[in-house]
Every structure is written in structure tokens, then in C-alpha cells.
Enquirer: 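I have a structure I would like to understand better, so I am pasting it below and will then ask my questions one at a time.
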Number of protein chains: 2
Amino acid sequence: MSIESPEIHQPSTATPKELLASTLFLLARAGMAIKTRTLDELEKAGFGMYQYSVLALLGEGDLPTQRLIASELGLDRSQLVGVLDGLEERGLIMRRRDPDDRRRHTVSLTPEGKRELVRIRTMIARLEDSALKALDGESRQALHAALERIVVDNDWCGPAR
Amino acid sequence: MSIESPEIHQPSTATPKELLASTLFLLARAGMAIKTRTLDELEKAGFGMYQYSVLALLGEGDLPTQRLIASELGLDRSQLVGVLDGLEERGLIMRRRDPDDRRRHTVSLTPEGKRELVRIRTMIARLEDSALKALDGESRQALHAALERIVVDNDWCGPAR
DNA sequence: TATTGTTATACTCTATAACTATA
DNA sequence: TATAGTTATAGAGTATAACAATA
């Protein structure tokens, strides 16, 4: 069934069957949709993707320099500045000059930052439940295992490149 | 094991374990990586993602208006103009005025456009083999089925939104 | 007046380079 | 001089608005 009815066009936009038959396409489509949806939810809470990434990273411990944070997240140190500014203005992180090397800033979560991180994690967990609700527990486990193998095998563990 | 060794920083960028444990994150990560990798390969052949999308869409048959193509691909009709220009300059598509309504352009693939589409499909098939090589046939089938259920259940069949 | 394709404009992201203060 | 953080600049990509031809 080819694309017809030039006048009756609601936001129909059925995806071509050829593409739905491709596992690669399904993966890309699902990945993009998840990213978009997560970004939407984050924005409702006033955050960008990088701001969440910073909170999540700092949730594992303070980091001694901004350069290191940038490198971990795969972005330039100059881009990171604005991200941190936004978080600092809201009192979620703290920059402290390193007394031993006054060029450096040690960055850490404030107590409020830790609470915010928990809220975001809860939101994302809800999102995951919602996105995967069509799969039973066993299928979810299999999906997770398959994705993990793919990500590791292709060395996609680092930041997007 | 927290992040240490501030001086010894190669492009290490190990992804936090918390994130690797999330199926949603793995999906997003894999999807993004696939999109980036496909885009890279397309660019080597001198195409953008939308140009490929147009070729793939027209591969299923001519379309009577540019507006319809734009709507199918989920972009604005003004954005589509430049995409089509590039394809037309290279002789891969043809715009023909509709004699019954001279505002409209019917767009179709040229023979060379059809050949180019075949080449791109071959390239993407190679990419899929490479990306999924860690999975055996059975796992691939299960992965495909799971992704299909997710995409349909969440109504992610249309263009990215 | 409404619609099709087009052009022009503005806004967001990101990537790069230049600047300062420290070492 | 080299490095950490910052600021400024430029480019791609995209979203919106204005425009000319046709209905």
C-alpha cells in the first residue's frame, strides 16, 4: 500500500514498512524517542540534558576540576561553564577554589542538589516503566542483555561521538 | 570505585555504572550511536539524513506534492526545499510541475537516484551486520521483536517528535 | 482568500578561538 | 610557557515568518 490520499492528510506519517523491518532503524527510532521524551521531562523541571548528566556524575563523588567533568561528559570545557552556572545559581552545586592550585575549581553537589538528583532519578524510573510496559520481565531482561552486549561490543560505552 | 587519577586522563570516559544498569539509557545510547554512525557513512557519500529519507520515501513511489513529503518526514515544507535542491542538482530526483495545478511539484526518483538508493541500502545493511555482530540469529530476532513491540506500544512509528 | 513552493529571518547548539589568572 | 576557567565568535541546524505564483 503506497502513500496516497493527498488531501486527507492528518499527521498520519506512517513509517515505511521497509524501515520498520530494520532492527537498526527500530533501535535508532526508539533511542531518539526516549532521548526526546527524557529531555521534555527534564525541561519541565527546568533542566537540560547536560545539567542532569553533571548531577548524575557528581552523584558518584566530587570532581577536582571542571576539565575532568567536561572530559567525562564528552564536551568542551567552555561549554560546561554555562551548564555549571545554571546549577550553581539554583544552589544545586558548589564551586570551590582549590587552595593548592588556585586555577582549579572542585565541584560538588549541595544537599539540595542531591535531593534534586533523587527526584530526577524517580522521574526517569517512571519513564522507563512507561516505555517498557509492553514487555514482561523476562523480555525486559533479554532486551537489557542484548543491548549491553551491543553497546560493549561496539565500544559505545563512552560519550556519544 | 570513584573517579580518581586527575592527571592520568586519557579519553577514558567510562560511563557510570548506574547508567549502564538502565535499559532506557542503553537504548538511548545505542540509538544515538547508530544514528551518528549512519550519518557519518552517509556524509562520506555526500548525503545528509534527510536526503536519504527523501530517497527512501520516493523509493516507494512518486509523491504528488512537496508538502506531502515534508509532512511524511516530519519537517517543515520550507526546510525540504534545500534538501530537494541538493538531490536535484545531482540528478537523483526530478521535480515536475503538475499541469492541473501549476502550484504543485510532483517529485520522483531518476534512474540514477534509484541506483544511489540501492547503494545506500547496501551500506546500511553492512552497518547493521557490524553493529549486531555480537548477537546470534535467535537473539537478533528477539531483539527485533522487543523493539517492535516497544515502538508500536509507545506510538513512536511517526517521525521523531 | 487560501495554498504551493520559495526565500528570508531568528533562534538554538555546538565547536573553536581568544582572554585572564594562576602556575 | 603552559594550564584552568571564562568569554567571545562563528557555524550548522532548525523553526518561524514573509513572499510570489497560482488556485
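Just so it is clear: chains get the letters A, B, ... in the order the sequence lines come, proteins before strands, and each one is counted from 1.
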Enquirer: How many Å lie between CG on A/Leu68 and C1' on D/dT3, as a whole number?
Expert: 14 Å
Enquirer: Using heavy atoms to find the nearest nucleotide of DNA chain C for A/Ser78 and B/Leu84 separately, return the residue whose nucleotide is more 5′.
Expert: B/Leu84
Enquirer: What's the CE-C1' distance between A/Met49 and C/dT12, to the nearest Å?
Expert: 16 Å
Enquirer: Expressed in angstrom and rounded to an integer, what is the separation of A/Arg77 atom CZ from C/dA18 atom P?
Expert: 13 Å
Enquirer: Any chance you could lay out the side-chain contact (heavy atoms from CB on, under 4.5 Å) test for B/Ile150 and A/Leu143, step after step, and finish with the verdict?
Expert: CA-CA 11 Å; B/Ile150 292 173; A/Leu143 173 64; 3.7 Å; yes
Enquirer: Please check the phosphate of D/dT16 (OP1 and OP2 only) for any side-chain N or O of B/Gln79 closer than 4.0 Å.
Expert: no
Enquirer: So, taking the atom named CE in A/Met123 and the one named NZ in A/Lys44, what distance separates them when rounded to the nearest 0.5 Å?
Expert: 9.0 Å
Enquirer: What is the distance from CE of B/Met94 to P of C/dG5, rounded to the nearest Å?
Expert: 15 Å
Enquirer: Using whole Å, report how far CG of B/Leu75 lies from C1' of D/dT16.
Expert: 14 Å
Enquirer: Measuring from the side chain of A/His105 (C-beta onward, heavy atoms only), which nucleotide among C/dT16, D/dG5, D/dA15 has the closest atom?
Expert: D/dG5
Enquirer: Show, in sequence, the C-alpha distance, side-chain angles and deciding distance for A/Lys35 and A/Met49, and conclude whether the side-chain contact (heavy atoms from CB on, under 4.5 Å) test is met.
Expert: CA-CA 9 Å; A/Lys35 192 178 182 185; A/Met49 187 60 84; 3.9 Å; yes
Enquirer: Quickly work out the B/Asp76 CG to C/dA8 P distance and round it to whole Å.
Expert: 16 Å
Enquirer: For the side chain of A/Arg95, counting heavy atoms from C-beta on, which of D/dT6, D/dT16, C/dG5 is nearest?
Expert: D/dT6
Enquirer: For residues B/Ile124 and A/Phe25, determine if any side-chain heavy atom of one lies less than 4.5 Å from a side-chain heavy atom of the other.
Expert: no
Enquirer: Could you tell me the separation between the CD1 atom of A/Ile69 and the CG atom of A/Leu58, rounded to the nearest 0.5 Å?
Expert: 5.0 Å
Enquirer: Verify the contact: side-chain N or O of B/Arg104 to OP1 or OP2 of C/dT4, cut-off strictly under 4.0 Å; return yes or no.
Expert: yes
Enquirer: Whole angstrom is fine here: how far is it from CZ in A/Arg67 over to C1' in D/dA2?
Expert: 11 Å
Enquirer: If you count the non-hydrogen atoms of other residues, nucleotides and ligands that lie under 6.0 Å from NZ in B/Lys133, is the total more than 12?
Expert: yes
Enquirer: Please list each protein N or O that sits under 3.5 Å from an N or O in nucleotides 21-23 of chain D, with the distance.
Expert:
from: D/dA23; atom 1: OP1; to: B/Arg102; atom 2: N; distance (Å): 2.9

Enquirer: Find the distance B/Leu80:CG to C/dT6:C1' and express it as a whole number of Å.
Expert: 11 Å
Enquirer: Yes or no on side-chain contact (heavy atoms from CB on, under 4.5 Å) for A/Val118 and A/Lys114, after CA distance, side-chain angles and deciding distance?
Expert: CA-CA 6 Å; A/Val118 170; A/Lys114 282 174 191 166; 5.8 Å; no
